[in-house]
Every structure is written in structure tokens, then in C-alpha cells.
**Student:** 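One structure, pasted below without further comment.
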Amino acid sequence: MKTTTLYDGHHRWIAFGRDTEKPEKIIDTNQYLVVDGKRALLMDPGGIEIFSAMLASVLRFTDIEHITDLFASHQDPDIISSLGLWDQTLPHARLHAPWIWEGFLRHFGINHIEYVPLPDEGTTLTLEQAELQFIPAHYLHAPGNFHVYDPVARILMSGDVGTALEPEGAPMFVEDFEAHTARMKTFHQRWMPSNKAKQDWINRVRTLDISILAPQHGRIFRGDDVKRFLDWFEALDVGIAVE
Ligand SMILES: [Fe+2]
Ligand SMILES: [Fe+2]
């Protein structure tokens, strides 16, 4: 599992991805970890298939008892089908996830972890000092969906928004935005169902100061590419599979 540090200040952001060990037909995913002293938040920890690789990778950056919080942006298997295994590994952790998915996510097996239901309007989570915001991203693509914003690191973890379908071993960062749009277009048109929801999210996200937009698949956007992505997404007609 490749690891990339996105922010290294009082707290740290680390991205995990490009798992060379993963089975071939499984979509590649990016996982994110915030480490803040003796507290850590693991975001969209991934599927059952990558659990052992993720656990080994995460433990290079924090102790197991310091992983106090998990986050699931939505209910998909590539996001959180590992939940039952984390439940056995981190019995004292809390899972922050959309309230509407609680009855569904419990099918992955929660016997120990506390499910903290996120209200539709979002909320905040303070680790030791880092204050993270759960930003509503409903219908992008799931009907209950959140992103995570860190105003100090100026990072928005954007779940499936910003996804690109890449060949194996692609670089972690966008280098040529125009070329990159070809790998994002069909995914966003098919998986994002609502132009109205898209515009609502764009309006909200434009008020945030973002230097890194970090999606769950594909490459990470930095600097001016964040604005380029928002402009591109705003202009894209989504939810068009039935036309
Ligand atoms: Fe998804
Ligand atoms: Fe995904």
C-alpha cells in the first residue's frame, strides 16, 4: 500500500492507495487517516479485501489504541465492507456515518463499535486539537453522504466526488487537469444522480478554503486544480443514464 503525507503540521493527514496486492477486479480506493496526538480518524477505510493491508499500513503511523474514530462517507462496499473486521480490531472506536445508513451498515457487523449517526446538516468532530467538519454531500452519490473538511490543513476529503478511473499504479496527484477530465466524465455522469444536489454541494464547497481535494478513487487535486475541478463539475450534466 502506497502512503502519501498530505499535511504535516500539528496533526497529520496521510493517504493510502495504489495497493499492488489487491485482487485485480476490485476498484482501487484511497483511504485517509488523520493523526492528532493520541487520537486518529480513519476515513472510508475500504473493503474486506484490503483490510489486512490497511491495518498494517495504518499502524506505521499510529498505535492501534489511538485509532479512536472511523468515518464512512456512505454505505458502499468499497467504502466500509471492512467494518466487521475493524469492529473486532478496534472494539472501543466510534463510527461516524450518515444516520440513514445505520440500519444498513450494521449488516456488515457491529458488535463493539459505537455508531454515531451524522445528522443531515453535518456536525464537527474534535480529535485532540484538530477540528474536522462533516460536510453534507447528499446524493453525491448516496442519498445520505458526507465529506470531511479540515480548515487548518485546508483539505476536503470528497468521497466519490472527484473520482477518476485510472490504470493500475497511476500517480497520486493530478498533473494535467484537462487530460484528467477524460477519466472522470463518464463516472460522474453515471454515478452522480442529481444536478440539483451537485449545485447545492458546489455552492457549499466554494465557501471553503481548500488547497487539497482528496477523492476516494483516482488522483488528488492540489492548488488551482481544486477550482478547476469545481468549475468542470458545475458545467457537467449528471444523472443522464436514462436519456
Ligand atoms: Fe460510492
Ligand atoms: Fe467509491
**Student:** Do E175 and R222 pass the salt bridge (charged side-chain N to carboxylate O under 4.0 Å, His left out) test, and can you show the C-alpha distance, the side-chain angles, and the key distance before you say yes or no?
**Tutor:** CA-CA 9 Å; E175 303 294 345; R222 296 179 288 196; 3.5 Å; yes
**Student:** Are V35 and V58 grouped together when hydrophobic residues (ILVMFWY) are joined by side-chain heavy atoms under 4.5 angstrom apart?
**Tutor:** yes
**Student:** Please determine whether the number of non-hydrogen atoms from other residues, nucleotides or ligands lying under 6.0 Å from atom CZ of R190 exceeds 12.
**Tutor:** no
**Student:** Does the H138 side chain pair with the main chain of D120, one donor and one acceptor, at a distance under 3.5 Å?
**Tutor:** yes
**Student:** Picking from I220, I212, L213, what satisfies side chain to side chain contact (heavy atoms under 4.5 Å, CB included) with I155?
**Tutor:** I212
**Student:** Is the shortest side-chain N to carboxylate O distance from D200 to K196 below 4.0 Å?
**Tutor:** no
**Student:** Backbone N or O of P215 within a donor-acceptor pair of the N30 side chain at under 3.5 Å?
**Tutor:** yes
**Student:** Can you list everything that forms a side-chain contact (heavy atoms from CB on, under 4.5 Å) with H107? Sequence neighbours excluded, please.
**Tutor:** none
**Student:** Examine W201 together with H147 and report whether their ring centres are nearer than 6.0 Å.
**Tutor:** yes
**Student:** Return the orientation label for the F221 and F229 ring planes: parallel under 30°, perpendicular over 60°, tilted otherwise.
**Tutor:** tilted
**Student:** Hey, any chance L132 and L6 share a hydrophobic cluster, counting ILVMFWY side chains that come within less than 4.5 Å of each other, even indirectly?
**Tutor:** yes
**Student:** Output all residues satisfying salt bridge (charged side-chain N to carboxylate O under 4.0 Å, His left out) with E234, sequence neighbours left out; order by chain, then residue number.
**Tutor:** R206
**Student:** Taking the inter-plane angle between the rings of F104 and W101 on a 0 to 90° scale, is it parallel (under 30°), tilted (30 to 60°) or perpendicular (over 60°)?
**Tutor:** perpendicular
**Student:** Checking the side chain of D176 only, and the main-chain atoms of A179 only, is there a donor and an acceptor separated by less than 3.5 Å?
**Tutor:** yes
**Student:** Between N195 (side chain only) and D237 (backbone N and O only), is there a donor and an acceptor less than 3.5 Å apart?
**Tutor:** no
**Student:** Is a side-chain donor or acceptor of D44 paired with a backbone partner of S73 at a separation under 3.5 angstrom?
**Tutor:** yes
**Student:** Can you tell me how far apart CD1 (I113) and CG (D87) are? Round to the nearest 0.5 Å.
**Tutor:** 4.5 Å
**Student:** Any donor-acceptor pair under 3.5 Å linking the side chain of Q216 with the backbone of G162?
**Tutor:** no
**Student:** Give a yes or no on whether a salt bridge exists between E65 and R39, defined as a side-chain N under 4.0 angstrom from a carboxylate O.
**Tutor:** no
**Student:** Donor-acceptor check, side chain of S211 to backbone of R154, threshold 3.5 angstrom: yes or no?
**Tutor:** yes
**Student:** What do the steps show when you test H74 against F146 for ring pair (Phe, Tyr, Trp, His ring centres under 6.0 Å), and what is the final call?
**Tutor:** CA-CA 7 Å; H74 60 292; F146 290 92; over 10 Å; no
**Student:** With respect to V34, which candidate in M157, R12, M43 satisfies the side chain to side chain contact (heavy atoms under 4.5 Å, CB included) definition?
**Tutor:** M43
**Student:** Quick one: does K198's side chain have a donor or acceptor within less than 3.5 Å of a partner on V238's backbone?
**Tutor:** no
**Student:** Do D69 and H96 have side-chain N/O donor and acceptor atoms under 3.5 Å apart?
**Tutor:** yes
**Student:** Applying a strict under-4.5 Å side-chain criterion to I, L, V, M, F, W and Y, I'd like to know whether I26 and L85 cluster together.
**Tutor:** no
**Student:** Near E168 CD, under 6.0 Å, is it more than 12 heavy atoms from other residues, nucleotides or ligands?
**Tutor:** no
**Student:** Which ring-ring contact (aromatic ring centres under 6.0 Å, His included) pairs, counting each pair once, include a residue from residues 16-40, with sequence neighbours left out?
**Tutor:** F16-F61
**Student:** Between E166 and R183, is the closest basic N to carboxylate O distance under 4.0 Å?
**Tutor:** yes
**Student:** Using a 6.0 Å distance limit plus a 45 degree cone around the ring axis, check whether R219 lies over the aromatic ring of F173.
**Tutor:** no
**Student:** Are W99 and V116 grouped together when hydrophobic residues (ILVMFWY) are joined by side-chain heavy atoms under 4.5 angstrom apart?
**Tutor:** no
**Student:** Determine yes or no for a side-chain-to-main-chain donor-acceptor pair under 3.5 angstrom, with S81 supplying the side chain and I48 the backbone.
**Tutor:** yes
**Student:** Using modelled atom types only, decide if a donor and an acceptor are shared between the side chain of D150 and the backbone of V152 within a distance under 3.5 Å.
**Tutor:** yes
**Student:** Can you confirm if the aromatic rings of W86 and H112 lie within a centre distance of less than 6.0 Å?
**Tutor:** no
**Student:** Please check if the number of heavy atoms outside W191 that lie under 6.0 Å from its CH2 is greater than 12.
**Tutor:** no
**Student:** Please evaluate residues R228 and D225 with respect to the criterion salt bridge (charged side-chain N to carboxylate O under 4.0 Å, His left out), reporting the C-alpha separation (whole Å), side-chain torsions for both, the decisive distance (0.1 Å), and the verdict.
**Tutor:** CA-CA 5 Å; R228 286 189 191 103; D225 283 339; 2.6 Å; yes
**Student:** Using the salt bridge (charged side-chain N to carboxylate O under 4.0 Å, His left out) rule, take K22 and D28 through it: C-alpha gap first, then chi angles, then the decisive distance, then the call.
**Tutor:** CA-CA 8 Å; K22 77 168 178 56; D28 194 28; 5.1 Å; no
